[in-house]
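Working notes for the structure below.
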Amino acid sequence: MTFQEIKQRLRRKSVGIAGCGGLGSNCAVALARVGVGRLVIVDFDAVTVSNLNRQYFFLDQIGMKKVEALRENIRRIDPAIGVEVADVKLTPDLLPGLFASCDVVVEAFDRADQKEMLIETMLKDFPEKPLVVGLGVAGWGRTDLVHFRKSGNLYICGDEVSEISVELPPLAPRVGMVANMQANVVVEILLSSEVAR
Amino acid sequence: MQITLNNRVETLEVVRLTVSELLKVKNFTFKMLIVKINGKLINKTEYDTAEIADGDDVQVIHLISGG
């Protein structure tokens with residue numbers, strides 16, 4: 001498939017991204033660059049200076065809402081991408097309204113309890129919808145530990161062991177690896193579903 | 001009995017066991033996790049009663065902070 005063909009297929013697709021931190025902002029940018037037509041991005045937080053070690057924001061965006069800053073950055077890459085923003089803390093009751101129309105959902109939260117809430121809600125309410133999660137991104141090196149596995153419609157990217165701590169912070173290279181793995185899995189799902197139709 | 005645990009075949013010395021027992025035996029110590037038996041999500045309230053039988057496909061996913 002040429003890039004033009006890929007872009008044409010992805011243009012009709014819609015991806016929901018829960019969380020616009022290290023995983024979500026980098027994953028969204030990768031999906032925008034390849035031409036996914038519609039992105040629904042969800043986050044309640046604002047950009048801080050400590051985010052800049054891994055998240056796709058800039059110094060002059062500090063204090064901005066992450067969803068607004070990310071929409072601006074995606075527009076600078078490709079203004080044709082439709083970016084829908086939700087400046088909310090995601091809860092199970094909000095999930096259908098935000099993601100029912102998405103072909104794939106990306107779990108890009110920071111905290112384990114939020115990841116649990118999203119995965120449980122998706123498995124209960126949208127068992128047929130592909131959900132691509134990021135688990136285990138902290139630290140640096142240990143590149144060979146990062147992996148991908150699939151369990152039904154749940155797609156897992158990460159090392160599944162490294163939890164963040166003061167001594168094991170999340171950093172751009174390793175978080176970016178997993179964010180881009182998630183984007184890569186999303187593209188694979190979107191292009192294969194297209195072929196099957 | 002033989003089960004598949006996270007895509008690996010495991011042989012256990014019992015005929016049946018509950019999710020809680022499996023988590024104990026296999027040392028899954030994380031507080032937050034997702035358990036699926038044959039693709040079906042098991043609610044936390046069912047861990048003491050939901051049973052795993054021979055041939056079951058069990059997925060245990062640790063939820064790890066960081067993103």
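Reminder, nothing fancy here: chain letters follow the sequence lines and each chain counts from 1. Bear in mind that the values here come from a model prediction, so they are computed numbers and not experimental data.
- Only the side chain of B:K36 comes within contact range of chain A, with heavy atoms under 4.5 Å apart.
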Can you list the steps and then say if A:L154 with B:I61 is a side chain to side chain contact (heavy atoms under 4.5 Å, CB included)? CA-CA 10 Å; A:L154 187 63; B:I61 300 155; 3.3 Å; yes

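- Note on A:V15: it does not cluster hydrophobically with A:V42, by side-chain heavy-atom contacts below 4.5 Å among ILVMFWY residues.
- One finds the CE atom of B:M32 at 12.0 Å from the CE atom of A:M117 (value rounded to the nearest 0.5 Å).
- Only the side chain of A:R54 comes within less than 4.5 Å of a heavy atom of chain B; its backbone N, CA, C and O stay farther away.
- With hydrophobic clusters built from ILVMFWY side chains whose heavy atoms lie under 4.5 angstrom apart, A:V185 shares a cluster with A:V175.
- Contact of A:D113 with chain B is made through backbone and side chain together, with heavy-atom distances under 4.5 Å.
- Hydrophobic clustering (side-chain heavy atoms under 4.5 Å, transitive across Ile, Leu, Val, Met, Phe, Trp, Tyr) keeps A:L118 apart from B:V35.
- Between B:H62 and A:L135, the closest side-chain pair of non-hydrogen atoms is not below 4.5 Å.
- Contact annotation for A:S162: only backbone heavy atoms (N, CA, C, O) come within less than 4.5 Å of a heavy atom of chain B.
- Only the side chain of A:I156 comes within contact range of chain B, with heavy atoms under 4.5 Å apart.
- Only the backbone of B:L33 comes within contact range of chain A, with heavy atoms under 4.5 Å apart.
- Nearest heavy-atom pair, A:A112 versus B:L63, reported as atom, atom and distance to 0.1 Å: CB-O, 3.5 Å.
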Are A:R149 and B:N6 close enough, and set up right, to give a side chain to side chain contact (heavy atoms under 4.5 Å, CB included), and what steps lead you there? CA-CA 9 Å; A:R149 73 178 168 112; B:N6 289 346; 3.5 Å; yes

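- B:I34 and B:Y47 fall into different hydrophobic clusters, where Ile, Leu, Val, Met, Phe, Trp and Tyr are joined by side-chain heavy atoms under 4.5 Å apart, directly or via other members.
- Note that OG of B:S65 and CZ of A:R111 are 7.5 Å apart. Values are rounded to the nearest 0.5 Å.
- With a 4.5 Å cut-off on side-chain heavy atoms, A:E116 and B:K44 count as touching.
- The number of heavy atoms from other shown groups lying within 6.0 Å of CD (A:E188) does not exceed 12.
- Under the 4.5 Å side-chain criterion, counting only non-hydrogen atoms from C-beta, A:K124 is in contact with B:N43.
- Using a 4.5 Å cut-off between side-chain heavy atoms of Ile, Leu, Val, Met, Phe, Trp and Tyr, with links allowed through other members, A:F57 and A:V106 fall into the same hydrophobic cluster.
- Neither the backbone nor the side chain of A:V178 comes within contact range of chain B, judged by heavy atoms closer than 4.5 Å.
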